[in-house]
Amino acid sequence: MKTRFAPSPTGHLHIGGARTAIFAWLQAKANNGKFLLRFEDTDKERSKKEYVDSIINSLKWLGIEPDEKPLFQSDRINRHKEIALDLHKKGLAYSCNVSSERLEEVRKIQQQNKQQPRYDGFSRDLNLPHEEGNVLRFKMPLDGITSFEDKILKKISINNKELDDFIILRSDGSPTYNFCAAIDDLDMQITNVIRGDDHLTNTLKQINILKAMNSELPEYAHLPMVLSSSGKRLSKREGALDILEYKKMGYLKEAMVNYLIKLGWSFKEQEIFSESDLIEHFDIKNVNSSAAKFSQELLDFYNNHYLKESNLEELFVYINGNFSLSEKFMRNDKKFEIVDLMREGSKNISNLVDELTFFYEDPDISDELMKNIQIDKSLLDSFKEELKEVDFKDKLLIGVFIDSFLTKNNMKFPLLGKPLRLILTGKSNAPSISDLLYLIGKESCINRIDNYLNS
RNA sequence: GUCCCCUUCGUCUAGCGGUUAGGACACCGGGUUUUCAUCUCGGCAACAGGGGUUCGAUCCCCCUAGGGGACGCCA
């Protein structure tokens, strides 16, 4: 089995493209096959080297590496031209010199007549010699139906009347996408084509090219689209980010892959999949046939999961390498324990790093929060004095001290805990008090309480 | 507009003619020797509508509605 991912380098890789790549890659890996990468860069205006690099880097981040050197469609123009001309020679394509003005006119009339706008076959039987300035059009069958068995969507068929004689060679002699894609898949011996279902009609056209060449058809699987959370097509405006932006925000690749693969695919009731789980269980036939909306909450859930699951040392090195922790924090001898604690409730790494500040810097307590601190200052003062005597070597002893202090003063925990959390961290959302006291350290804690008492 | 595809809890999904329609996220509530969060236990919540076929339809067929896609000398 051989699969491929064939992006056009006209933009960064976003969620939808990344998902397609993962599916194609997994389909190959799950079947001991090869996964190839092909850049469809026949649009010279919009294709950029910058995007080629960005796409390769994105795939690399996700752990996807092609099994052969990436192929560039633009390197194969001569081959495409040659075949196009050959089709012409065999009478399977024809030269056409209809002006774009007339094409537009025809489309307008068709629309008015509630017909599908399409080329009307004006030059089909003119037998024009192919000369500079003309386009070459493919002769689509005039009747019958084109159909195929999609691995995900099942039977797809269309009346050939709906398909028009599309251009395979432009008037400047350059080959077009649908033609190149069909030829390349053939030459690369791709056995399984996996792409978004926005390619459905392209597939129908490409099948006819392949049929005209008496070639065998690959198997096709069309993935339903990923829509934005509001159900619209993913676009910049609809929140389609460069996949590497997620890396920058502190999403782990394991989380991204797990989320993306679960967006449409399922295996029993399992939610968490390692790479080897995926390779073992992935089967394209278990992909859902309907479109899915992007969900930030679910991505966050997976990210939090992998943040908690990953090896602490490795995670720490990764965080420091990509998010450069502050000097002060790196000098803290409890830094590993702090990260270990703080990853429990973190959605992503940049968020986690932000939450680290109060462990090495006295917090600024906003006036808003200050108002929420309600505690008897003399009580807090005696708490502080007794705290000075507590052994901070052991977290458990701190817990024991808090318990006894509460009992002695006959008070409920929240009465002490809530204001103390604010004083210590400047936040109302933070880990348990004994964890905080222990990890912030005795000296800083006492300092912060003093600061409050003196304010 | 024409053609194609899709339609199960708010979201991601399981189901493949007979199920109390299952799981996960989110949300809500209880518990964790009293804590916002974590953890844990529990709860809420769905077969788009209408016709068939069938002893029986979430599941098969048709229609309607809604959503998405394609309709380029872009890919």
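Reckoned from all heavy atoms, side chains included, excluding hydrogens, waters and symmetry mates. In what follows, chains carry the letters A, B, and so on, assigned in the order in which the sequence lines appear, proteins first and then strands, with residues in each chain numbered from 1.
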A.B. asks: Using the P atom on both, measure B:C9 against B:G49 and round to a whole Å.
C.D. replies: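 Straight-line distance between the two P atoms is 10 Å.
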A.B. asks: Going by ring pair (Phe, Tyr, Trp, His ring centres under 6.0 Å), A:Tyr259 matches just one of A:Tyr306, A:Tyr246, A:Tyr251, A:Phe294. Which one?
C.D. replies: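 It is A:Phe294, the one option of A:Tyr306, A:Tyr246, A:Tyr251, A:Phe294 that forms the ring pair (Phe, Tyr, Trp, His ring centres under 6.0 Å) with A:Tyr259.
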A.B. asks: Say we look at B:G22 and B:C47: how far apart would their C1' atoms be, to the nearest angstrom?
C.D. replies: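 So the two C1' atoms sit 13 Å from each other.
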A.B. asks: Counting the atoms with a prime plus P, OP1 and OP2 as sugar-phosphate, which does A:Gly196 contact under 4.0 Å by heavy atoms, base, sugar-phosphate, or nothing?
C.D. replies: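 Counting heavy atoms under 4.0 Å across all strands, no contact is made by A:Gly196.
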A.B. asks: Could you identify the nucleotide paired to B:U2, looking across every strand shown and requiring Watson-Crick or G-U wobble geometry with both distances under 3.5 Å?
C.D. replies: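 B:A70 is the nucleotide pairing with B:U2.
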A.B. asks: Within the side chain of A:Arg19, is there an N or O that forms a donor-acceptor pair under 3.5 Å with the backbone of A:His14?
C.D. replies: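 Side chain of A:Arg19 to backbone of A:His14, a donor-acceptor pair under 3.5 Å: no, none is there.
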A.B. asks: Could you tell me how far apart A:Leu234 (CG) and B:G67 (P) are, to the nearest whole angstrom?
C.D. replies: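 So the CG-P distance, A:Leu234 to B:G67, works out to 18 Å.
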A.B. asks: Would you measure the distance from the P atom in B:A48 across to the matching atom in B:U35 and give it in whole Å?
C.D. replies: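 The answer is 43 Å between these two P atoms.
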A.B. asks: Provide the distance between the two C1' atoms, one in B:C5 and one in B:C44, to the nearest whole Å.
C.D. replies: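 Approximately 34 Å lies between the C1' atom of B:C5 and that of B:C44.
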A.B. asks: Would you classify A:Asp164 as touching base, sugar-phosphate or nothing, given that sugar-phosphate means primed atoms plus P, OP1 and OP2, and contacts are heavy atoms under 4.0 Å?
C.D. replies: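 The residue A:Asp164 makes no contact with any strand.
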A.B. asks: Quick one: look up who B:C39 pairs with, Watson-Crick or G-U, both distances under 3.5 Å, and put none if it's unpaired.
C.D. replies: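 By the stated definition (distances under 3.5 Å), B:G31 pairs with B:C39.
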A.B. asks: Do A:Phe383 and A:Phe405 have ring centroids that are under 6.0 Å from one another?
C.D. replies: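 Here the rings of A:Phe383 and A:Phe405 have centres that are less than 6.0 Å from each other.
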A.B. asks: Quick check with a 6.0 Å cut-off and a 45 degree axis cone: is A:Lys377 positioned over the face of A:Tyr452's six-membered ring?
C.D. replies: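 The answer is yes; both the distance and angle limits are met.
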A.B. asks: Given 3.5 Å as the limit, does a donor-acceptor pair link the side chain of A:Asn160 with the main chain of A:Asp143, or not?
C.D. replies: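 Yes, because the side chain of A:Asn160 sits within donor-acceptor range (under 3.5 Å) of the backbone of A:Asp143.
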A.B. asks: By the 4.0 Å heavy-atom rule, please label A:Pro224 as base, sugar-phosphate, or nothing.
C.D. replies: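 The residue A:Pro224 makes no contact with any strand.
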A.B. asks: Would you kindly give the CG-to-C1' distance between A:Asp43 and B:A75, to the nearest whole Å?
C.D. replies: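 Rounding to the nearest Å, CG of A:Asp43 and C1' of B:A75 are 7 Å apart.
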A.B. asks: For the pair made of CG in A:Asp283 and P in B:C16, what is the distance, rounded to whole Å?
C.D. replies: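 It is 17 Å, rounded to the nearest whole Å.
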A.B. asks: Output yes when a side-chain donor or acceptor of A:Tyr302 lies under 3.5 Å from a complementary backbone atom of A:Glu271, and no otherwise.
C.D. replies: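 Indeed, once roles are kept as given, a pair shorter than 3.5 Å links the two residues.
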A.B. asks: Atom CG of A:Asp198 to atom C1' of B:G72: distance rounded to whole Å?
C.D. replies: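 After rounding, the reported distance stands at 15 Å.
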A.B. asks: Using purine N1 to pyrimidine N3 plus N6-O4 or O6-N4 for Watson-Crick, or N1-O2 and O6-N3 for G-U wobble, each under 3.5 Å, what pairs with B:A48?
C.D. replies: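 With both distances under 3.5 Å, B:A48 matches B:U64.
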A.B. asks: Whether A:Ser100 contacts B:C73 is assessed here as follows: a side-chain N or O lying under 4.0 Å from the phosphate OP1 or OP2. Is that the case?
C.D. replies: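 So the side chain of A:Ser100 is outside the cut-off, no N or O lying under 4.0 Å from OP1 or OP2 of B:C73.
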A.B. asks: For atom P, what is the distance between B:U7 and B:C59, given to the nearest Å?
C.D. replies: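 My reading of the P atoms in B:U7 and B:C59 gives 12 Å.
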A.B. asks: Does A:Glu297 offer a backbone N or O that forms a donor-acceptor pair with the side chain of A:Asp300 under 3.5 Å?
C.D. replies: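 A pair under 3.5 Å: no.
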A.B. asks: B:C73 P sits how many Å from A:Glu45 CD, rounded?
C.D. replies: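 The answer, rounded to whole Å, is 16 Å.
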A.B. asks: So is A:Arg102 actually on top of A:Phe122's ring, under 6.0 Å and inside 45° of the axis?
C.D. replies: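 Here A:Arg102 passes the 6.0 Å and 45° test against A:Phe122.
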A.B. asks: Are the charged groups of A:Lys395 and A:Asp435 less than 4.0 angstrom apart, N to O?
C.D. replies: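 Looking at A:Asp435 together with A:Lys395, the answer is yes, because their closest N to O distance falls below 4.0 Å.
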A.B. asks: Consider the side chain of A:Arg233, meaning its heavy atoms from C-beta on, and name the nucleotide among B:C12, B:G68, B:A75 that approaches it most closely.
C.D. replies: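 Of the candidates, B:G68 comes closest.
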A.B. asks: Using the C1' atom as the reference point in each nucleotide, state the distance between B:U40 and B:U58 in Å, no decimals.
C.D. replies: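 It comes out at 34 Å once rounded to the nearest Å.
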A.B. asks: Under 4.0 Å, counting only non-hydrogen atoms across every strand here, what does A:Thr42 touch: a base, just sugar-phosphate, or nothing?
C.D. replies: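 Sugar-phosphate contact only - A:Thr42 comes under 4.0 Å of backbone atoms but never of a base.
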A.B. asks: In this structure, how many angstroms lie between the P atom of B:U11 and the CG atom of A:Leu263, rounded?
C.D. replies: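 Answer to the nearest Å: 13 Å.
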A.B. asks: Which value, in whole Å, describes the distance between the C1' atoms of nucleotides B:U19 and B:A14?
C.D. replies: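 Roughly 12 Å separates the two C1' atoms.
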A.B. asks: From CD1 of A:Ile109 over to C1' of B:U2, roughly how many Å is that when rounded to an integer?
C.D. replies: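 Checked: the CD1 to C1' distance equals 16 Å.
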A.B. asks: Checking A:Arg343 side chain against A:Leu307 main chain: does a donor-acceptor pair fall under 3.5 Å?
C.D. replies: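 Flag set: sc A:Arg343 to bb A:Leu307 pair under 3.5 Å.
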A.B. asks: I need a per-nucleotide contact map over nucleotides 4-10 of chain B, read 5' to 3'. Cutoff is protein heavy atoms under 4.0 Å; write B for the base, S for backbone only, - otherwise.
C.D. replies: SSSS---
A.B. asks: Calculate the interatomic distance between A:Phe267 atom CZ and B:G15 atom P; express it in whole Å.
C.D. replies: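 Between P of B:G15 and CZ of A:Phe267: 12 Å.
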A.B. asks: For the pair A:His80 (side chain) and A:Arg76 (backbone), establish whether a donor and an acceptor sit closer than 3.5 Å, ignoring hydrogens and angles.
C.D. replies: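 Judged by distance alone, yes, a pair lies under 3.5 Å.
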A.B. asks: So, OP1 or OP2 of B:G72: does either fall under 4.0 Å of a side-chain N or O from A:Arg107?
C.D. replies: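 Yes, within the criterion.
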A.B. asks: Let's test your reading of the model: under 3.5 Å, does the base of B:A75 pair with the side chain of A:Asp41 as donor and acceptor?
C.D. replies: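 By the distance-only test, no, there is no pair.
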A.B. asks: Could you pick out which residue, A:Ala6 or A:Phe294, lies toward the 5' side of RNA chain B when each is mapped onto its nearest nucleotide?
C.D. replies: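 Here A:Phe294 is the residue nearer the 5' end.
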A.B. asks: Which letters describe nucleotides 21-39 of chain B, given B = protein heavy atom under 4.0 Å from base, S = only from sugar-phosphate, - = neither?
C.D. replies: -BBSS--------BBB-SS
A.B. asks: Filter on salt bridge (Lys or Arg N to Asp or Glu O under 4.0 Å), then keep only pairs touching residues 38-53 of chain A, sequence neighbours left out; what's left?
C.D. replies: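 Sorted result for residues 38-53 of chain A: A:Arg38-A:Glu40, A:Arg38-A:Asp184, A:Arg38-A:Asp185, A:Asp43-A:Arg46, A:Lys49-A:Asp53.
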A.B. asks: What's the gap between B:G30 and B:A46 when it is taken at their C1' atoms, as a whole Å value?
C.D. replies: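 Going atom to atom, C1' in each nucleotide, I get 26 Å.
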